[in-house]
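So the structure is just underneath, and the comments pick up after that.
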Amino acid sequence: MHFSSGIVRPPYEANSCFLQVTSGCSHNKCRFCTFYKDAPFFVSPESEIRADLQEIRDSGWKVRRIFLQGADPFLLSFGRLKKIMDLIKEYLPWGVSVGGYGRVDSVKNKSVEQLRLLKEMGYDMIVFGIESGDDVVLDKMDKGYHASDIRGAALQDG
């Protein structure tokens, strides 16, 4: 498996299979986070994703859930996320659900319709790192967005 940094996941994803599709954090400026400081952001090439999915399939483990690795897999375009799901279905045809981390501003490059289609494909959770809803705190911690952006992402109106 291709992992360029440690596995990061919410506790409830402990039994999920992990698939790196990005590495590092696209923002990597939050003052409180040190996890990705030595891991530059990059997008995993399709060849690595295919190799990892082949390894998962060949392991014999009937994976039911994949948690995408990298701090911001949902920054990827709709087309790229669709291609990743197509690959997952090709290698793991019994069907799996998929989730991963995303920054609040990661959904700005997707329409409501595209987000609906991603859900229908099997992406069922984006875990946002919303450490605060207070603009003063968000600025002080250099999150790169404000409370209005959080509301916009959650309501998909901004």
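The shortest non-hydrogen separation linking V8 to Y101 is O-CE1, 3.4 Å.
Side-chain contact between F41 and C25: absent, with no pair of heavy atoms (C-beta onward) separated by less than 4.5 Å. The shortest side-chain heavy-atom distance between F67 and M125 does not fall under the 4.5 Å cut-off.
Distance check, rounded to the nearest 0.5 Å: OG of S132 to CG of L138 gives 5.0 Å. Atoms OG and CD, on S44 and Q69 in that order, are 10.0 Å from each other to the nearest 0.5 Å. Rounding to the nearest 0.5 Å gives a distance of 5.0 Å between CG of D142 and CZ of R31.
H146 pairs in a side-chain hydrogen bond (donor to acceptor under 3.5 Å, both in side chains) with only one of the listed residues (D139, D135, D134), which is D139. Between M1 and the choices E48, E55, Q20, the side chain to side chain contact (heavy atoms under 4.5 Å, CB included) rule is met once, by E55.
No more than 12 heavy atoms of other residues, nucleotides or ligands lie within 6.0 Å of NZ in K82, so this atom counts as exposed by the packing criterion. More than 12 heavy atoms of other residues, nucleotides or ligands shown are found within 6.0 angstrom of CG on D58. A 6.0 Å sphere centred on NZ of K37 holds more than 12 heavy atoms belonging to other residues, nucleotides or ligands.
When hydrophobic clusters are built by joining Ile, Leu, Val, Met, Phe, Trp and Tyr residues whose side-chain heavy atoms come closer than 4.5 Å, directly or via intermediates, V137 is not grouped with Y145. M141 and V136 fall into different hydrophobic clusters, where Ile, Leu, Val, Met, Phe, Trp and Tyr residues are linked whenever their side-chain heavy atoms come under 4.5 Å apart, directly or through other members.
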Check: Is there a side-chain contact (heavy atoms from CB on, under 4.5 Å) between I88 and L19 once you walk through the steps?
Finding: CA-CA 10 Å; I88 290 169; L19 177 67; 4.3 Å; yes
Check: Going through the checks in order, is the side-chain contact (heavy atoms from CB on, under 4.5 Å) test met by D124 and V98?
Finding: CA-CA 6 Å; D124 65 359; V98 178; 5.8 Å; no
For residues 116-123, dump all side-chain donor-acceptor pairs below 3.5 Å to protein atoms at least two apart in sequence or in another chain.
| unit_1 | atom_1 | unit_2 | atom_2 | d |
| --- | --- | --- | --- | --- |
| R116 | NE | E113 | OE1 | 3.0 |
| R116 | NH1 | E120 | OE1 | 3.3 |
| R116 | NH1 | E120 | OE2 | 2.1 |
| R116 | NH2 | E113 | OE1 | 3.2 |
| R116 | NH2 | E113 | OE2 | 2.3 |
| Y123 | OH | L81 | O | 2.6 |

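Checked for salt-bridge contact, K143 and D149 miss the test: no charged N lies under 4.0 Å from a carboxylate O.
At a cut-off of 3.5 Å, with distance as the only test, a side-chain donor of S106 or D72 sits close to an acceptor on the other residue.
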